[in-house]
Amino acid sequence: MKFYLLLRWRVLVRQLVELGWWRIVLLGAMALVAVGRGLVLLSSSATAAQWVVPLLVLLMLVSQHRRRTDLGFLHVTAPSFRPWLATEYALWSLPSALVLFGFGRVGAGFLTIAVAPLAAWVPPARTQTTTQQRRSMFRSEAFEWGSGFRQPGAWLGWLTLVVVAGWWRQYGLAPALALGVWVLYLSSFYATPEPWTMLLPALRQPGTWLRRRVALGVLYYSATAAPFVLLMGLSQAGWGGAAVLWLWGAVVLGMMVLARYAFYPHALLVRLTQSGVLVANLLFGHPIYPALLFVVFFGLIWKSRKQLSVFRND
């Protein structure tokens, strides 16, 4: 385990070096403001909101765990590797637990550390290994949605969120949180850049192709988000709040699509940029959010078109 954790530390340092100091400063500042603000708000609340922190930490760790590419290697070389992962995930949960401890939420803090290792036993996301054509309700060019909804539990997770939002529909926060979780899940569809051969249709007119990709993503997002928007509109939040929430999700998903091609084909930079996009949009309601959104959104438009133009010229 000691050698495994040392190896993971070296990998993290190498990735940070590849990221560059100015990106570390920018993303780190946004992460501290957004994530720190959310943790402080949940930890300092006198209600049961503190118990949301362990669930959020577990969901984030599970999401990262299922996309790991070294699980097959570890399974072959060290079949008893699960405790190593459990220890690593427990260490990643410590910052959140320390914030809870600082506000006197001892029970929620220990629960955060206790549930984090459970992510090590979650099975990885299955890859499509067959070439058999399967009918899908999504267009072939929106292949992320087709492969994403072929994953076990995708439709079940959506239905569960709809039921939870409907059960507590009298509280506008329940549909809002459910839609927020759903947007985070949909964002994972765009986390891995596709092979460059699939970009050939984009090289003729990158701008038009990007607009169509964003439009398809927002269209399918709107279809799956309709129950949450409806439930929120019928709650105390009203239709105005529901419209704002739908627009927020559409902006997040559109920016995730753009971020996928802004640093194509570097998977690390793509995922870190998408993490920065999520962090920036978690500042919703903060005074700096409109200015930050304007800069990041149009910056991604410019960078993604420029990156695809480079491939066209090559």
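Please read all numbers here as calculations on a predicted model, not as lab measurements. For the single chain, residues carry numbers from 1 onward in sequence order.
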Novice: Do you know which two heavy atoms are closest between I113 and S93, and how far apart they sit?
Specialist: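 Looking at all heavy atoms of both residues, the closest pair is CA-OG, 3.7 Å.
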Novice: Please find the pair of heavy atoms, one from L74 and one from F81, that lie closest to each other, and give the distance.
Specialist: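 Looking at all heavy atoms of both residues, the closest pair is O-CD2, 3.6 Å.
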Novice: Would you call the rings of W145 and Y190 parallel, tilted or perpendicular if under 30° counts as parallel and over 60° as perpendicular?
Specialist: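 W145 and Y190: perpendicular rings.
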Novice: In terms of relative ring orientation, are F149 and W155 parallel, tilted or perpendicular, with 30° and 60° separating the classes?
Specialist: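 It falls in the tilted class, 30° to 60°.
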Novice: Centres of the Y185 and W182 rings: under 6.0 Å?
Specialist: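 So the answer is yes for these two rings.
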Novice: Identify, with sequence neighbours excluded, every residue that meets side-chain hydrogen bond (donor to acceptor under 3.5 Å, both in side chains) alongside R305.
Specialist: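 Checked R305 against side-chain hydrogen bond (donor to acceptor under 3.5 Å, both in side chains); zero matches.
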Novice: Just verifying a value: how many Å separate L234 CG and L230 CG, rounded to the nearest 0.5 Å?
Specialist: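 The CG atom of L230 is 4.5 Å from CG of L234, to the nearest 0.5 Å.
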Novice: Quick one: do L184 and V244 end up in the same hydrophobic cluster if we chain Ile, Leu, Val, Met, Phe, Trp and Tyr together by side-chain heavy atoms under 4.5 Å apart?
Specialist: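 Linked, L184 and V244 end up in one cluster.
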Novice: So, R211 and T208: side-chain donor and acceptor under 3.5 Å apart, yes or no?
Specialist: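 Judged by distance alone, the side chains do pair up.
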Novice: Taking atom CG of L179 and atom CE of M232, what is their separation to the nearest 0.5 Å?
Specialist: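 Between L179 CG and M232 CE, I get 8.5 Å after rounding to 0.5 Å.
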Novice: Would a distance-only check, ignoring hydrogens and angles, find a side-chain to backbone donor-acceptor pair under 3.5 Å from R82 to W121?
Specialist: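 Pair absent, no side-chain N/O of R82 close to backbone of W121.
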Novice: With rounding to the nearest 0.5 Å, note down the distance linking CZ in R213 to OG in S304.
Specialist: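 So the gap between those two atoms works out to 12.0 Å.
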Novice: Taking C-beta and beyond as the side chain, do L177 and V181 meet within less than 4.5 Å on heavy atoms?
Specialist: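 SC-SC contact between L177 and V181 ruled out.
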Novice: Please give me the minimum heavy-atom distance between A120 and L85, naming the atom from each residue.
Specialist: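 For A120 and L85, the tightest heavy-atom pair comes out as CB-CB, 3.6 Å.
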Novice: Would L292 and V296 count as a side chain to side chain contact (heavy atoms under 4.5 Å, CB included) if you check the C-alpha gap in whole Å, the side-chain angles of each, and the deciding distance to 0.1 Å?
Specialist: CA-CA 6 Å; L292 182 62; V296 175; 4.0 Å; yes
Novice: I'd like to check Y89 versus L118 (side-chain heavy atoms, cut-off strictly below 4.5 Å). Are they in contact?
Specialist: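 They are not in side-chain contact.
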Novice: Are the aromatic rings of F138 and F143 close, with centres under 6.0 Å apart?
Specialist: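 Here the rings of F143 and F138 have centres that are no less than 6.0 Å from each other.
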Novice: Would you say Y221's side chain and W246's backbone share a donor-acceptor pair under 3.5 angstrom?
Specialist: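 Flag set: sc Y221 to bb W246 pair under 3.5 Å.
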Novice: Give the cluster check for F3 versus V76: same hydrophobic cluster or not, with ILVMFWY residues linked at side-chain heavy-atom distances below 4.5 Å.
Specialist: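 Cluster IDs for F3 and V76 differ.
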Novice: For V183, run the side-chain contact (heavy atoms from CB on, under 4.5 Å) check against N281, L278, V252 and tell me which one passes.
Specialist: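 Filter result, single survivor: V252.
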Novice: Give the cluster check for V218 versus M255: same hydrophobic cluster or not, with ILVMFWY residues linked at side-chain heavy-atom distances below 4.5 Å.
Specialist: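 Yes, one cluster joins them.
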Novice: Are the charged groups of R139 and E144 less than 4.0 angstrom apart, N to O?
Specialist: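 No, R139 and E144 are not salt-bridged.
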Novice: Indicate, with yes or no, if W302 and V251 share a hydrophobic cluster defined by side-chain heavy-atom contacts under 4.5 Å among Ile, Leu, Val, Met, Phe, Trp and Tyr.
Specialist: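 They do not share one cluster, since no chain of ILVMFWY contacts under 4.5 Å joins V251 to W302.
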Novice: Quick one: closest heavy-atom pair of W158 and P227, and the distance?
Specialist: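 The pair with the smallest heavy-atom distance is CZ2-CG, 3.7 Å.
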Novice: How many angstroms lie between CG in L12 and CG in L7, if you round to the nearest 0.5 Å?
Specialist: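 L12 atom CG to L7 atom CG measures 11.5 Å (nearest 0.5 Å).
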Novice: Before giving the answer on side chain to side chain contact (heavy atoms under 4.5 Å, CB included), spell out for T224 and L186 the whole-Å C-alpha distance, their side-chain angles and the decisive distance to 0.1 Å.
Specialist: CA-CA 10 Å; T224 57; L186 295 180; 4.1 Å; yes
Novice: Atom CD in Q274, atom OG in S188: separation rounded to 0.5 Å?
Specialist: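 Q274 CD to S188 OG: 9.5 Å, rounded to 0.5 Å.
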Novice: What heavy-atom pair brings A262 and K303 nearest, and what distance separates the two atoms?
Specialist: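 Heavy atoms of A262 and K303 come nearest at O-NZ, 2.8 Å.
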Novice: Measure from the ring center of Y4 to the ring center of W9 and say whether it is less than 6.0 Å.
Specialist: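 Ring-ring flag for Y4/W9: false, centres at least 6.0 Å apart.
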Novice: So does T192 get a backbone contact from the side chain of R260, meaning a donor-acceptor N/O pair under 3.5 Å?
Specialist: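 Present.
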Novice: Measure the acute angle between the ring planes of F294 and F298, then classify it against the limits of 30° and 60° as parallel, tilted or perpendicular.
Specialist: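 Aromatic pair F294/F298 classed tilted.
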Novice: Tell me if a side-chain donor or acceptor on Q50 pairs with a main-chain N or O of G109 at a distance below 3.5 Å.
Specialist: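 Pair absent, no side-chain N/O of Q50 close to backbone of G109.
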Novice: Hey, quick one: are L55 and V115 part of the same hydrophobic cluster, counting side-chain heavy atoms closer than 4.5 Å, chains of contacts allowed?
Specialist: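 Different hydrophobic clusters.
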Novice: So among E194, Q307, K306, which one has a side-chain hydrogen bond (donor to acceptor under 3.5 Å, both in side chains) with Y261?
Specialist: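 Per the side-chain hydrogen bond (donor to acceptor under 3.5 Å, both in side chains) rule, the option paired with Y261 is E194, out of E194, Q307, K306.
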Novice: What are the two closest heavy atoms between A176 and L245, and how far apart are they?
Specialist: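 Closest heavy-atom pair between A176 and L245: CA-CD2, 3.5 Å.
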Novice: Using modelled atom types and a 3.5 Å cut-off, is there a donor and acceptor pairing between side-chain atoms of H65 and backbone atoms of P124?
Specialist: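 Side chain of H65 to backbone of P124: no pair is present.
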Novice: Applying side chain to side chain contact (heavy atoms under 4.5 Å, CB included), name anything that partners A178, two or more places apart in sequence or on another chain.
Specialist: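 If we apply the side chain to side chain contact (heavy atoms under 4.5 Å, CB included) test to A178, skipping adjacent residues, the hits are L161, A165, F228.
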Novice: Kindly check if the number of other-residue, nucleotide or ligand heavy atoms within 6.0 Å of CZ (F297) is above 12?
Specialist: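 Atom CZ in F297 is not crowded, with 12 or fewer foreign heavy atoms closer than 6.0 Å.
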Novice: Judged by atom type as modelled, is there a donor-acceptor pair below 3.5 Å linking the side chain of W248 to the main-chain atoms of A243?
Specialist: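 No, the answer is negative, given that no donor and acceptor are paired below the 3.5 Å cut-off.
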Novice: Could you give the distance from CZ (R8) to OG1 (T87), rounded to the nearest 0.5 Å?
Specialist: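 Rounded to the nearest 0.5 Å, the CZ-OG1 separation comes out at 13.0 Å.
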Novice: Let me see the working for L300 and T273 under side chain to side chain contact (heavy atoms under 4.5 Å, CB included), right down to the final yes or no.
Specialist: CA-CA 10 Å; L300 287 175; T273 303; 4.1 Å; yes
